[in-house]
There are 2 protein chains.
Amino acid sequence: MLTIGTLSKKTGTKVQTIRYYEQIGLMPEPGRTEGGQRRYDGSQLDRLSFIRHSRQLGFSLDAIRELLDLSDHPNRPCDEADAIARRQLKRVEQRMARLKALRTELKRMVHECSGGRTADCRVLEVLRDHSECLTEHDEIGA
Amino acid sequence: MLTIGTLSKKTGTKVQTIRYYEQIGLMPEPGRTEGGQRRYDGSQLDRLSFIRHSRQLGFSLDAIRELLDLSDHPNRPCDEADAIARRQLKRVEQRMARLKALRTELKRMVHECSGGRTADCRVLEVLRDHSECLTEHDEIGA
DNA sequence: GCTTGAACCTTCAGTGGCTAGAGGATGTAG
DNA sequence: CTACATCCTCTAGCCACTGAAGGTTCAAGC
């Protein structure tokens, strides 16, 4: 029988986050002591590890919900899990492409600033005038 | 004299977002018509473009506030703007490194899934057991 | 058995950066 | 002068947590 604190340490998830996962139905309601404290077992530890690991890989909580559901039904075809992972991969690749463009632009800004007064600062100049950009970049909401 | 809608179109910022920027003090309070509608001039268009462009480059609104402040005081040394850009560049590079590890892992998951039942699905298996991962990855909070 | 104090409980509010919607007022073209 | 696109304010919601207030429970040590 594990306390929430133990679960927290074992998975690297904050206590509040575990309670939050329970609140939104991602974690099941655990058993309680007479005094009302949560007590977990091994299967709940596994489930939280799954969630945590999926989050580290960038899956949204909604995607994780689906993945957990699939994981709970071993006889269903796994195309769906595969599709979710593929979507995530695609998103990661898009983000990388955007970050690459961004990095180019920032590098250019930093290299051109020679350390005078702000009036001559290339950093600010580039930010003022998008037309100076060599790349398309669109980080907002990435 | 530009309406908020015109400003919105010219900068690619949603009308509500412009009002939000005003609310948090990033954009100045514009003039109003007798009826109470906002009217902008060219300098406000420039300011919004600056903000928008900075957001696209991944700067936080707080960082943008600093940059705008620097931009408003042309006689100060520009080390600070330079430092902000450098910090941002560092962050972008860190994010890219993380995404790279993530992509590797996702690719491996997807490639190894041969499309059977969820019981045998490599995607789910990898998510269940972090020790199968070949890379360190930590997307949370990225 | 009793005391201490770390860990637990609930509830609420806040983060960043918007975005959506309700319900009503204004501005402008025909 | 009418139609209706655009504007206004205000409130609430999004994601995925995180922190804090104020109170309770549990386990170890005496």
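Letters go in sequence order (proteins before strands), and every chain restarts at 1. Computed from heavy atoms alone, side chains included, the values below leave out hydrogens, waters and symmetry copies.
- Judged by distance alone, with hydrogens and angles left aside, the side-chain atoms of A:R52 form a donor-acceptor pair with the main-chain N or O of A:G12 at under 3.5 Å.
- Looking at heavy atoms from C-beta onward, A:L61 lies in side-chain contact with A:Y21 at the 4.5 angstrom threshold.
- Near DNA chain D, meaning a heavy atom under 4.0 Å from it, residues 20-36 of chain B has B:R32, B:G36 in order of number.
- Looking at A:D62 and A:S60, their side chains never bring a donor and an acceptor atom within 3.5 Å of each other.
- For the pair B:Q16 CD and D:dC14 P, the interatomic distance rounds to 16 Å; values are reported in whole Å.
- The A:R39 side chain lies nearest to D:dA27 when the options are C:dC9, D:dC7, D:dA27.
- Comparing C:dG17, D:dC7, C:dC18 by their nearest atom to the side chain of B:I4 picks out D:dC7.
- Rounded to an integer number of Å, the gap from CG of B:L2 to P of D:dC7 is 11 Å.
- Looking at which nucleotide of DNA chain C each of B:S60 and A:Q37 is closest to, the 5′-most match is held by A:Q37.
- C:dT28 atom P lies 13 Å from atom CE of B:M1, rounded to whole Å.
- Of all nucleotides listed (D:dC17, C:dT19, D:dC7), D:dC17 comes nearest to the side chain of A:T17.
- Between the side chains of A:R91 and A:Q88, at least one donor N or O sits under 3.5 Å from an acceptor N or O.
- Taking atom CG of residue A:L7 and atom P of nucleotide C:dC9, one finds them 11 Å apart after rounding to whole Å.
- Using a 4.5 Å cut-off on side-chain heavy atoms (C-beta onward), B:K107 and A:E93 make contact.
- Partners of A:S71 by side chain to side chain contact (heavy atoms under 4.5 Å, CB included), not counting sequence neighbours, listed by chain and number: A:F50, B:L124, B:R128.
- B:R38 comes within contact range of the sugar-phosphate backbone alone, with a heavy-atom separation under 4.0 Å but no base atom that close.
- The CG atom of A:D62 sits 10 Å away from the C1' atom of D:dC15 (whole-angstrom rounding).
- Rounded to whole Å, the distance from CZ on B:F59 to C1' on C:dG16 is 17 Å.
- Across C:dT10, D:dG19, D:dC7, the shortest atom-to-atom separation from the side chain of A:K14 is found for D:dG19.
- Under the side chain to side chain donor-acceptor pair (under 3.5 Å) criterion, A:D79 pairs with no residue, sequence neighbours left out.
- When the nucleotides C:dC18, D:dC7, C:dC8 are ranked by their closest atom to the side chain of B:T3, D:dC7 comes out on top.
- Between the CZ atom of B:R55 and the P atom of C:dG16 there is a distance of 12 Å, rounded to whole Å.
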